[in-house]
Number of protein chains: 2
Amino acid sequence: MRTTVKDVAKAVGLSTTTVSLVLNNKPNRIPKATREIVLKAAKDLNYRPNHIAVSMVTKKTHTIGLILPDISNLYFSELAKVIEEQFHKYGYNVLYGNTNGTLEHDFEYLNLFIDRSVDAVIMTVSSNYSEKEIKSLHEIAEMNNVPIMMVDRTLDDPRFMSVLLDQKLGGYLATNYLIHLGHRKIACITGPKSLRISIERLEGYKSALQDAGLPFDPALIVEGDFRVDSGVQALPYILGQNATAVFSLNDMMAIGVYRECRRYHLSIPQDLSIVGFDDIFIDEFLEPPLSTIAQPVVEIGEYAVKKMMTVLEGEEDPSCADTMVFKPALKVRGSASKFMEKKQM
Amino acid sequence: MRTTVKDVAKAVGLSTTTVSLVLNNKPNRIPKATREIVLKAAKDLNYRPNHIAVSMVTKKTHTIGLILPDISNLYFSELAKVIEEQFHKYGYNVLYGNTNGTLEHDFEYLNLFIDRSVDAVIMTVSSNYSEKEIKSLHEIAEMNNVPIMMVDRTLDDPRFMSVLLDQKLGGYLATNYLIHLGHRKIACITGPKSLRISIERLEGYKSALQDAGLPFDPALIVEGDFRVDSGVQALPYILGQNATAVFSLNDMMAIGVYRECRRYHLSIPQDLSIVGFDDIFIDEFLEPPLSTIAQPVVEIGEYAVKKMMTVLEGEEDPSCADTMVFKPALKVRGSASKFMEKKQM
DNA sequence: GAATTTTAGTAAAATGTTTTATCAATGAAT
DNA sequence: ATTCATTGATAAAACATTTTACTAAAATTC
């Protein structure tokens, strides 16, 4: 059996109170001599506090619930890693759940984690919640007094702490870059229309067109699902529209376009320019390396943890729910080039 | 405040014992009428048991500690996902820790998780432990009575449950394939020599050469570190040895070779054949698609969980520590071709 | 109708800690 | 020499459950 505080107390002939006081380093309560006796006994007996029992009385578990759509997705696994490592520094551990992008799982894990008394929850919601669901989320947070932070995606509600990316700016940067390369017919492969990130990135696309005085042509927009396959499927349609460039709302779909271009014997960027979104590690190893919009994942994760820690340490009220927005950056590699008139002949 | 079992008891005018008995569905103790009254009250009051308090008395947390070198690595994130999802089905949650491949972190997380009373630990060790460390691991497992399972990598000790891949077979399959394509000078980029998987995959390589009656030439072996960069750095040396094919002990390094080949204007597979190991998702989108040794990650994860569950449900003694070995398979894509004599001219 | 068994329920202990309130002893101040 | 403050330490409560051992009442048996 594991050594308990009682065992230590018995070993030194003192009360558990005294032992606990020493072990928790309570300020000037116990004289140095006693303290050292206790410390030595604890060490000799290899005492390690039972976290469960501590949680029982302190009401803190030093555990964070991390709810993500899919940990095997490169972006989320990177984010999860950063978040875990940062929390670890503060003595917190993370419990994680994969929702597979379904709303029921969002709530299921949230409740599960709250039953386990996590101190806080960080989540990337699977979709844009309805009024009812937002309300429900709030009630859960309030009733259990657990701070919830949205990362990467947020809800239409200002009451949640959020740390996000300026998705619209990302869409703008990508599109603007293609426009300045001379492209006029720029197709866009979106993610699911129900997702805010799809909408926001597309808004950036529209905004860039507008600023350049170019018309927005709905025929150039194809709805995808953020997976490789939808890039594959989108290409024939895009070619049919005589687009000379494509803005893919994520890199996975861009990879799909690459693949399909090879089947059509089209070369990138000579025959088709393409810009992705996310900057996953593989981009630079594609042929040609994929130009994309990079997200500062590490900064996002680090900020999220730091912010959450200020809340957990009571320095900040979670109800003063501000939103932090990080800026994406265009990463030029080799998948887009100047528009050449000859290509149209 | 959250509803407690006391609140429910008070609401229905019964004791907490009765409420607990009903809620835990203890067989034929409480008559149906009473049971329904309690159930209704629990529902009305939105009662959810406090997991911490339950753990306090049952000594079970329904939590698993998952210790991995790097969750942002495609192989591990996929594995982690499978493991989490499977455990979730059984009502278990997983706490995970990134060790970044350092031994100290292996132990740090192990102790941390044990302090949190996890019911079991599944880990991929960061290196091949020394006698002392193996002993230490055993003591921790025994003293705390927590089953530890090794996945993907194991130790030189038969006392741990392990679920592994037949690494040697993988090495054999890859090399044998290249030999049968007519290659005679086959270079091999290994992982860190201290890792068993490096050694075992290399053994498969040697074994295939031997079976084919080919000599083993140490000059054709380059030590890498499983990262893209070591593939990049290995190529010039490999070319210097006049190798016509390369077996890269993982796909990431193969990607490095791809990149460097482009710089040298060498085309794959005409100028250099290459076979990787792991079968990460990107392989099929490379140009040419990368032939590789595929690991059945999903099966591995599912088996690991199932096996651990039999131990947790007391059907099996963790000390009867058997090892399960999965078989890898060669996945032929387009990165290796028949050896043409002309290339040597 | 007495003895026995079954039914329906409960009081209290136990889990491993922290924390609150308290106490005895010592030393200092009046 | 009494009072007061300080020091060193502790007993007991609290946390939210489950579980053990028990009892009173009802039902059954003879």
Side-chain angles (χ1 to χ4, degrees), chain A residues 1-39 41-42 45-63 91 114-119 143-145, chain B residues 1-39 41-42 45-63 91 114-119 143-145:
Chain A
M1 283 307 297
R2 244 163 79 175
T3 309
T4 72
V5 90
K6 253 186 197 160
D7 299 328
V8 178
K10 195 171 290 173
V12 297
L14 289 168
S15 71
T16 60
T17 309
T18 307
V19 174
S20 172
L21 256 24
V22 170
L23 264 21
N24 289 303
N25 232 334
K26 295 286 170 176
N28 51 3
R29 285 290 317 267
I30 309 293
K32 210 165 180 194
T34 313
R35 147 180 303 271
E36 271 160 12
I37 291 172
V38 171
L39 254 21
L45 294 171
N46 190 26
Y47 171 74
R48 316 201 93 224
N50 178 324
H51 218 279
I52 299 283
V54 174
S55 296
M56 185 88 233
V57 17
T58 62
K59 305 278 166 208
K60 295 277 167 259
T61 55
H62 287 248
T63 305
I114 284 178
D115 288 350
R116 283 162 182 274
S117 307
V118 294
D119 292 344
M143 159 145 335
N144 299 283
N145 194 31
Chain B
M1 282 309 295
R2 241 163 81 176
T3 309
T4 72
V5 89
K6 252 187 197 159
D7 299 328
V8 178
K10 195 172 289 173
V12 297
L14 290 166
S15 71
T16 60
T17 308
T18 307
V19 174
S20 173
L21 256 23
V22 170
L23 263 21
N24 290 301
N25 232 334
K26 294 287 170 177
N28 51 3
R29 284 293 319 265
I30 309 293
K32 210 165 178 194
T34 313
R35 147 181 302 273
E36 270 162 13
I37 291 172
V38 171
L39 254 21
L45 293 172
N46 191 27
Y47 171 74
R48 317 202 92 223
N50 178 325
H51 217 279
I52 299 284
V54 174
S55 296
M56 184 89 233
V57 19
T58 63
K59 306 277 166 208
K60 295 276 165 260
T61 56
H62 286 248
T63 305
I114 285 178
D115 289 350
R116 284 162 182 274
S117 307
V118 293
D119 293 343
M143 160 146 332
N144 299 283
N145 194 30

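Residue numbers begin at 1 in each chain, while the letters A, B, ... track the order of the sequences.
- Under a 3.5 Å cut-off, the side chain of B:Asp7 and the backbone N or O of B:Thr4 do form a donor-acceptor pair.
- Using a 4.0 Å cut-off, some side-chain N or O of B:Lys26 falls inside it from OP1 or OP2 of D:dT19.
- The shortest distance between the side-chain N/O atoms of A:Thr34 and the OP1/OP2 oxygens of D:dA9 is below 4.0 Å.
- In this structure, CG of B:Leu14 is placed 18 Å from P of D:dA24, rounded to the nearest angstrom.
- Atom CG of B:Leu21 is separated from atom P of D:dT19 by 9 Å (rounded to the nearest Å).
- As rounded to whole Å, 9 Å separates atom P of C:dG16 from atom CG of A:Asp7.
- Applying the 4.0 Å criterion to OP1 and OP2 of C:dT10, one finds that B:Thr18 has a side-chain N or O inside that range.
- A donor-acceptor pair under 3.5 Å is formed between the side chain of B:Thr58 and the backbone N or O of B:Val54.
- Between B:Thr17 and C:dG9, a side-chain N or O to OP1/OP2 separation shorter than 4.0 Å is absent.
- Remark: P of C:dA14 and NZ of B:Lys60 are 20 Å apart, rounded to the nearest angstrom.
- Nearer the 5' end of DNA chain D, as judged by each residue's closest nucleotide, is the contact made by A:Pro31, out of A:Pro31 and A:Thr16.
- B:Arg116 and A:Thr63 form a side-chain donor-acceptor contact under 3.5 Å, judged by distance and modelled atom types alone.
- Rounded to an integer number of Å, the gap from NZ of B:Lys6 to P of C:dA11 is 12 Å.
- Five base pairs at each end of the helix from C:dG1-D:dC30 to C:dT30-D:dA1 define two local axes, and these are offset by 60° (rounded to 10°).
- A close approach under 4.0 Å does occur between a side-chain nitrogen or oxygen of B:Lys59 and OP1 or OP2 of C:dG16.
- Here the shortest heavy-atom pairing between B:Asn46 and B:Thr3 reads O-OG1, 4.3 Å.
- Following rounding to the nearest Å, B:Asn50 (CG) and D:dC15 (P) show an atom-to-atom distance of 12 Å.
- Note: CE (B:Met56) to C1' (C:dA14) measures 9 Å, nearest angstrom.
- Distance alone, capped at 3.5 Å, places no donor-acceptor pair between the B:Ser20 side chain and the B:Thr16 backbone.
- Salt bridge annotation for B:Lys60-B:Asp119: absent, with no cationic side-chain nitrogen under 4.0 angstrom from a carboxylate oxygen.
- Comparing D:dT17, C:dT17, D:dA11 by their nearest atom to the side chain of B:Thr4 picks out D:dT17.
- OP1 or OP2 of C:dT18 sits under 4.0 Å from a side-chain N or O of A:Asn24.
- A:Lys32 places its NZ atom 17 Å from the C1' atom of D:dG8, with the value rounded to the nearest Å.
- Within the 3.5 Å criterion, the main-chain N or O of A:His51 finds a donor-acceptor partner in the side chain of A:Ser55.
- Taking only side-chain nitrogens and oxygens, B:Ser20 comes nearer than 4.0 Å to OP1 or OP2 of D:dT18.
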